[in-house]
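Below is one structure, written out as structure tokens, with a few remarks after it.
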Amino acid sequence: MRVPTFSGNSTRLAKPHKISAAGLAAVSVASLAFAAAPGSASGAGKAETARTLPAAYSAQADTGQDEKKTGSLFAAAGTEDKGAARAGNALLKTVEPPADKGDSKKDAPKTEAVKNAEAKAEAERATEQAAGRSAERAAPAPAAKPATPAPPTYADNLDGWIREAMAIMDKRGIPGSYEGIHRNIMRESSGNPQAINTWDINAKNGIPSKGLLQVIQPTFDAYHVEGTANDLYDPVANIVAACNYAADRYGSMDNVDSAY
């Protein structure tokens, strides 16, 4: 809006000129206020701001008041500009939302609660891990598989041969005692596995008796037990075959007291 100019001889402002100058100051204040206010301010905030702004001019003119000189009017306009600046600063302070001190107070308990929850969860995890390790330590070790027993060993003599033969006889269900076997061996061969009869009827027939219990070849072949050596002179095989024959013929080697 243009400010009217005045001639050098004029010392007073006309009423329309006075209202125009005051209106210019009011527009300046209002422009500064709306420029400073944020776009998101509510209608109530704007109304409150408008109420706090100083009035620029009165709608009712006092016709009885003396008009001031032109110099005084412009001095008053300068004063109004400064007042508008102060009003704008006040408006900025009014529009700017105050910091919510309560939020920090509310956030502090939440943060502390989160810390407590995390510490509790960590403690629970540590307890579970410790319990798991304790369970692992307490768990019984798997039972060791029983070792396969080593096969028995027997002495390479008459005692060992009889005992080994009896072990095989037990598995096959062939009767005979240590005493009965030993007694017949001593009568037939005196414990010599290589003994052979060259003078009895079997020898004359070409099938001499051989080994510890003097067994002929046909008898050995008929009563040989699987798992023993297929050799008439083998001491263990000779004893087992002879006892198998005696069990079939006499019920047991224990029942044999002479040539059989």
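We're numbering straight along the sequence, starting at 1.
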Would R163 count as a cation-pi partner of Y178, with NZ or CZ less than 6.0 Å from the six-membered ring centre and within 45° of the ring normal?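 Positive - R163 is close enough to the ring of Y178 and near enough to its axis.
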What's the shortest heavy-atom distance between [X] and [Y], and which atoms?
X: E226; Y: R172; value: O-NH2, 2.8 Å
X: G251; Y: P175; value: O-CG, 3.5 Å
X: I239; Y: A165; value: CG2-CB, 3.6 Å
X: A229; Y: F220; value: O-CZ, 3.8 Å

Quick check for you: to the nearest 0.5 Å, what is the distance between [X] atom [atom1] and [Y] atom [atom2]?
X: S189; Y: L158; atom1: OG; atom2: CG; value: 8.0 Å
X: K210; Y: Q217; atom1: NZ; atom2: CD; value: 6.5 Å
X: L232; Y: T219; atom1: CG; atom2: OG1; value: 9.5 Å
X: D221; Y: N230; atom1: CG; atom2: CG; value: 7.0 Å
X: E179; Y: I162; atom1: CD; atom2: CD1; value: 10.0 Å
X: N202; Y: S209; atom1: CG; atom2: OG; value: 4.5 Å

I want to check something: taking the side chain as every heavy atom from C-beta on, are [X] and [Y] in contact at a cut-off of under 4.5 Å?
X: E164; Y: V240; result: no
X: N184; Y: D257; result: no
X: I185; Y: I181; result: yes
X: V256; Y: E188; result: no

Is there a chain of hydrophobic side chains (I, L, V, M, F, W, Y, each step under 4.5 Å between heavy atoms) that links [X] to [Y]?
X: V215; Y: I196; result: no
X: M253; Y: I216; result: no
X: Y260; Y: Y223; result: yes
X: I168; Y: Y154; result: no
X: Y250; Y: M166; result: yes

Is it true that D254 and R183 make a salt bridge, defined as a side-chain N closer than 4.0 Å to a carboxylate O? no
What I want to find out is whether E128 reaches R125 closely enough, with some N-O distance under 4.0 Å, to be called a salt bridge. no
Taking side chain to side chain contact (heavy atoms under 4.5 Å, CB included) as the test, write out the residues that go with D156, two or more places apart. W161
For D200 and N197: C-alpha separation, side-chain torsions, deciding distance, then whether side-chain hydrogen bond (donor to acceptor under 3.5 Å, both in side chains) applies. CA-CA 7 Å; D200 64 3; N197 188 320; 3.3 Å; yes
Counting neighbours of CZ on R249 that are heavy atoms of other residues, nucleotides or ligands and sit closer than 6.0 Å, is the number greater than 12? no
Could you tell me whether a side-chain N or O of S177 sits under 3.5 Å from a main-chain N or O of G180, the two making a donor and an acceptor? yes
Can you tell me if N238 and Y233 form a side-chain donor-acceptor pair at under 3.5 Å?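 No, because no side-chain N or O of N238 sits under 3.5 Å from a partner of the opposite role on Y233.
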